[in-house]
Amino acid sequence: AMVLAKQRKTNPRALAQEIIDALQLDGLATADIAGPGFINFRILPEAFAARATALLGDEKLGVPPVGEGKTVVVDFSAPNVAKPMHVGHIRSTIIGDSLCRIARFLSFKVIADNHIGDWGTQFGMIIHGWKNLLCEKALAADPISELVRVYRDVNAATKTDPTVLEVCKSELVKLQAGDPENLAIWQQCIDLSKAGLEKIYDSLDVKFDHWLGESYYNDRLAGLVDEFLAKGIARESNGAICIFSDGTKKPEDDPFMVHREEGWTDNPAIIRKADGGFLYATTDLATLQFRIDEWQADQVWYVVGVPQQLHFRQIFDAAARWGKTGDFKHVAFGSILGEDRKLMKTRSGDNVQLTDVLTEAVERAAKIIAEKNPDLQGSEAEEVARIVGIGAVKFAELSQNRLTDYVFAWDRMLALQGDTAPYIQFSSVRIRSIFRKLDAPFDATSCEILLNEEAEIHLARLHARFGELLPVVLEDFRPNLLANFLLELARAFHSFFEACPVLKSEEPLRSSRLALCELTGRILTTGLGLLGIRCPERM
RNA sequence: GCGCCUGUAGCUCAGAUGGAUAGAGCAUCCGCCUUCUAAGCGGACGGUCACUGGUUCGAAUCCAGUCAGGCGCGCCA
């Protein structure tokens, strides 16, 4: 009551008492005054019990359909073809997939689009290498590695021999002009790369609705530039076609202005090079147009690293001037740094590959399973190792704030102890174990939840929070809030598990506790599912 | 030069709209398996929230400045 008391120039504690006297809490809570004028509401256990009981019959677990009627396109992962996915790609892929799952659960119509880099200048080198350096055997064994090798060798050759660079450029020009041979090579590269990518996405349990890469928008780019010119949004400068500031914003808020030693100066987005080629910005604008016009997108979320922030500010600004309206968000994330605290560069080549991380994760999980639960054998043990290992990697990523940079470290990414997915999965396993011991089928919908022990009340309090939390997660695109909530719920369950016997308690307590277990299990598995993490039956 | 992100326990990190004694995990130490899976539970230890000012009854949180790290700023993506 302190803020209000100040406005009214009255005593805060007295005002708090007035407020309390006027309230009708109807057995929902008690209220009392504390400190300088806080009003503390204590929700009664009966109120939490009623809430939890109601949730037992709710498919959506109290989550409101805030996305009803809205279409959102989520642009994430977007690797370049003919290059392996390294650990730097993991954030976009995992965060983006999780946002898709959460948005769907909140009743958005979600379109997951993998905007792969399948039309870059790198194809000049790849095609030249394909024609001259390709080893068929190596290509058959591991296509992406061979493509990378070829690319690297050509790239190295261009450094020493300028004629190689010229040849590469002419291969690129031929490709862009529609030369059948080069197009065929290009198409093969795409197909081989996609097959490799699909394998990783399968193991990560990540799915896309579309794979509309850069090449898909090729034939729209020339028209787009013409339109920007005709509408006066872009103009020629030094031979290139550029979008400049429209002068409506203060320079410091204008993505088309930059400050250098000499003062504020133009910082245009280039949509056509002096040589006639198109760029990243051109493709992105064409892509945005397509998503709005063809897919009727109300929102577009770009799950792309923080270094591209300026690019997206320019794209969104240009789109607005172009008349493309919608709610566009750059869901930026911090960088994964190497041991030297420098950004992991794609071109440095010695980055840790994503497949190696995933393989190692599953192996470490398998080792712990063999140690902790030797009863698990064969294919079941392998399946559990995959669920636990991959889950741990995903959770390591999703449980932290997306904007913080971090130094890649195996042990941190692969931790299976502590605040990790396995901790949460284990609580779900304990719940399933209880239900396996049950002699008769249990129907929670006809149960009433009773709360007496502190551990029970704590559980029910968390149950009530799930539905409130999920919309907040999407407000700022912070799946880590969900991850942290699930840790809290799992922690609360483990405490409950130690303190409150379920099967050995007397009715009606037994049914109540079974219902608490069922509700907890449903929220845990649903919540982990929204992070793209599965729960095993046993572990 | 200007802009964006980050700075919290020995280490790795949480801390939504400003609220009361700043939280987890790892590590260290002490307890708990004849009871539903000990990948667990209970407890201890550990902090000038980078620094300096300001706004406020109240600041890790908002504002200004300083320092440190990362990133970005015309024809790559």
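Chain naming here is simple, since letters A, B, ... match the order of the sequence lines and numbering starts at 1 in each.
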> Stems in RNA chain B: runs of 3 or more consecutive Watson-Crick or G-U pairs, distances under 3.5 Å?
Replying inline: B:1-7 with B:67-73, B:10-13 with B:23-26, B:28-32 with B:40-44, B:50-54 with B:62-66

> Would a distance-only check, ignoring hydrogens and angles, find a side-chain to backbone donor-acceptor pair under 3.5 Å from A:Gln122 to A:Ile126?
Replying inline: no

> Considering residues at least two apart in sequence or located in another chain, which fulfil the ring-ring contact (aromatic ring centres under 6.0 Å, His included) criterion with A:Phe316?
Replying inline: A:Tyr302, A:Phe312, A:Phe328

>> Classify A:Ala34 by what it touches in the nucleic acid, base, sugar-phosphate, or nothing, heavy-atom distance under 4.0 Å.
In response: base

>> Please check this pair: side chain of A:Arg13 against backbone of A:Ile33, looking for a donor-acceptor N/O pair closer than 3.5 Å.
In response: no

> Under 4.0 Å between a side-chain N/O of A:Tyr406 and OP1 or OP2 of B:rG69, yes or no?
Replying inline: no

> Is there a side-chain polar atom (N or O) of A:Lys83 under 4.0 Å from OP1 or OP2 of B:rA77?
Replying inline: no

> Rounded to the Å, how far apart are A:Ile126 CD1 and B:rA77 C1'?
Replying inline: 13 Å

> Of all residues at least two apart in sequence or in a different chain, which pass the side-chain contact (heavy atoms from CB on, under 4.5 Å) check with A:Ile43?
Replying inline: A:Ala29, A:Ala47, A:Phe48

>> Does B:rG15 have OP1 or OP2 under 4.0 Å away from a side-chain N or O of A:Asn480?
In response: yes

>> Taking any heavy-atom pair under 4.0 Å as a contact, classify A:Pro268: base, sugar-phosphate, or nothing.
In response: base

> Where the side chain of A:Thr520 meets the backbone of A:Leu516, is there a donor-acceptor pair that is under 3.5 Å apart?
Replying inline: yes

> Sequence neighbours excluded, which residues qualify as side-chain contact (heavy atoms from CB on, under 4.5 Å) partners of A:Glu518?
Replying inline: A:Phe435, A:Phe442, A:Ala444, A:Arg522

>> Rounded to the nearest 0.5 Å, what separates atom CZ in A:Phe278 from atom CD1 in A:Ile271?
In response: 9.0 Å

> Among all residues two or more places apart in sequence or in another chain, which pass the side-chain contact (heavy atoms from CB on, under 4.5 Å) test with A:Ala366?
Replying inline: A:Ala385

>> Within the 4.0 Å heavy-atom criterion, would you say A:Gln308 contacts the bases, only the backbone, or no part of the nucleic acid?
In response: base

>> Once you apply a heavy-atom cut-off of 4.0 Å, does A:Leu487 come out as touching a base, just sugar-phosphate, or nothing?
In response: nothing

>> By nearest atom, which of the nucleotides B:rC41, B:rC75, B:rA77 is closest to the A:Ile270 side chain?
In response: B:rC75

Between the protein and nucleotides 4-11 of chain B, which nitrogen or oxygen pairs are less than 3.5 angstrom apart?
from  : atom 1 : to       : atom 2 : distance (Å)
B:rC4 : O2'    : A:Gln309 : OE1    : 3.2
B:rC4 : O2'    : A:Gln309 : NE2    : 2.6
B:rC5 : O2'    : A:Leu403 : O      : 3.4

>> Applying a 4.0 Å non-hydrogen cut-off, can you work out what A:Tyr280 is touching in the nucleic acid: base, sugar-phosphate, or nothing?
In response: base

>> Listing request: all salt bridge (Lys or Arg N to Asp or Glu O under 4.0 Å) pairs with a residue in residues 302-319 of chain A, at least two apart in sequence or in separate chains.
In response: A:Lys249-A:Asp317, A:Asp317-A:Arg321

> Using a cut-off of 4.0 Å on non-hydrogen atoms, how would the nucleic acid contact of A:Val502 be classed: base, sugar-phosphate, or nothing?
Replying inline: base

>> For a quick check of understanding: with a heavy-atom distance under 4.0 Å over all strands, which category does A:Ile368 fall into, base, sugar-phosphate or nothing?
In response: base

>> Does A:Asp476 reach a base, just sugar-phosphate, or nothing at all? Heavy atoms under 4.0 Å.
In response: nothing

> Among B:rA77, B:rC73, B:rC13, which nucleotide sits nearest the side chain of A:Asn267?
Replying inline: B:rC73

> Can A:Phe38 be said to stack with the base of B:rA20, given centres closer than 5.5 angstrom and planes under 30 degrees apart?
Replying inline: yes

> Do the side chain of A:Ser245 and the main chain of A:Phe256 share a donor and acceptor less than 3.5 angstrom apart?
Replying inline: no

> Taking O4'-C1'-N9-C4 for purines and O4'-C1'-N1-C2 for pyrimidines, is B:rC33 syn (within 90° of 0) or anti?
Replying inline: syn

> Between B:rA16 and B:rC11, how far is it from one C1' atom to the other, in whole Å?
Replying inline: 27 Å

> Which class fits the ring pair A:His115 and A:Tyr217: parallel under 30°, tilted 30 to 60°, perpendicular over 60°?
Replying inline: tilted

What does the list of N/O pairs under 3.5 Å between the protein and nucleotides 26-35 of chain B look like, with a distance for each?
from   : atom 1 : to       : atom 2 : distance (Å)
B:rU35 : O2'    : A:Lys504 : NZ     : 2.8

Show which side-chain atoms of residues 487-506 of chain A pair as donor or acceptor with protein atoms under 3.5 Å away, not counting sequence neighbours.
from     : atom 1 : to       : atom 2 : distance (Å)
A:Arg491 : NH2    : A:Asp419 : OD1    : 3.0
A:His494 : ND1    : A:Arg430 : NH1    : 2.9
A:His494 : NE2    : A:Tyr423 : O      : 3.4
A:Ser495 : OG     : A:Arg491 : O      : 3.2
A:Ser505 : OG     : A:Val502 : O      : 2.6

> RNA chain B: A:Ile39 or A:Ala365, which has the more 5' nearest nucleotide?
Replying inline: A:Ile39

> Of all residues at least two apart in sequence or in a different chain, which pass the side-chain contact (heavy atoms from CB on, under 4.5 Å) check with A:Ile116?
Replying inline: A:Pro79, A:Val81, A:Asn114, A:Asp118, A:Lys194, A:Trp211

> Distance-only, no hydrogens or angles: does the A:Asn80 side chain make a donor-acceptor pair with backbone N or O of A:Lys83 under 3.5 Å?
Replying inline: no

> Is there a side-chain polar atom (N or O) of A:Lys273 under 4.0 Å from OP1 or OP2 of B:rC75?
Replying inline: no

Could you list, one pair per line, each protein nitrogen or oxygen that sits under 3.5 Å from a nitrogen or oxygen of nucleotides 59-61 of chain B, together with the distance?
none

> Which nucleotide sits closest to the side chain of A:Trp264: B:rC2, B:rC75, B:rA38?
Replying inline: B:rC2

> Taking the side chain of A:Val258 as its heavy atoms from C-beta onward, which of B:rG15, B:rG19, B:rC73 lies nearest to it?
Replying inline: B:rC73

>> Closer than 3.5 angstrom, by distance alone: can the side chain of A:Ser512 be matched with the main-chain N or O of A:Pro508 as a donor-acceptor pair?
In response: no

> Hey, can you pull the residues of residues 506-519 of chain A with a non-hydrogen atom under 4.0 angstrom from RNA chain B?
Replying inline: none

> From the list B:rG15, B:rG19, B:rC75, which nucleotide is the closest neighbour of the side chain of A:Met2?
Replying inline: B:rG19

>> Checking contacts here: which listed nucleotide (B:rA39, B:rG42, B:rG70) is nearest the side-chain heavy atoms of A:Ser495?
In response: B:rG42

>> Within the 4.0 Å heavy-atom criterion, would you say A:Phe244 contacts the bases, only the backbone, or no part of the nucleic acid?
In response: base

> Would you call A:Arg386-A:Glu383 a salt bridge at under 4.0 Å N-O?
Replying inline: yes

> Below 4.0 angstrom, N of the basic side chain to O of the carboxylate: do A:Glu371 and A:Lys367 qualify?
Replying inline: no

>> Counting the atoms with a prime plus P, OP1 and OP2 as sugar-phosphate, which does A:Arg538 contact under 4.0 Å by heavy atoms, base, sugar-phosphate, or nothing?
In response: base

> Any donor and acceptor pair, going by atom type alone, linking the side chain of A:Asp246 with main-chain N or O of A:Thr248 inside 3.5 Å?
Replying inline: yes

> What nucleotide among B:rG19, B:rC36, B:rC71 has an atom nearest to a side-chain atom of A:Pro307?
Replying inline: B:rC71

> Are OP1 or OP2 of B:rC13 and a side-chain N or O of A:Arg412 less than 4.0 angstrom apart?
Replying inline: yes

>> So, does A:Arg260 get its side chain near the phosphate of B:rG74, meaning an N or O under 4.0 Å from OP1 or OP2?
In response: yes

> A:Ala274 side chain: which of B:rG40, B:rG72, B:rC75 is closest?
Replying inline: B:rC75

> Would one find a side-chain N or O of A:Thr121 under 4.0 angstrom from OP1 or OP2 of B:rA77?
Replying inline: no

>> Categorize A:Ser237 for me: base, sugar-phosphate, or nothing, with a 4.0 angstrom heavy-atom threshold over every strand shown.
In response: base

> Is it true that a side-chain atom of A:Arg402 and a backbone atom of A:Phe477 form a donor plus acceptor pair closer than 3.5 Å?
Replying inline: yes

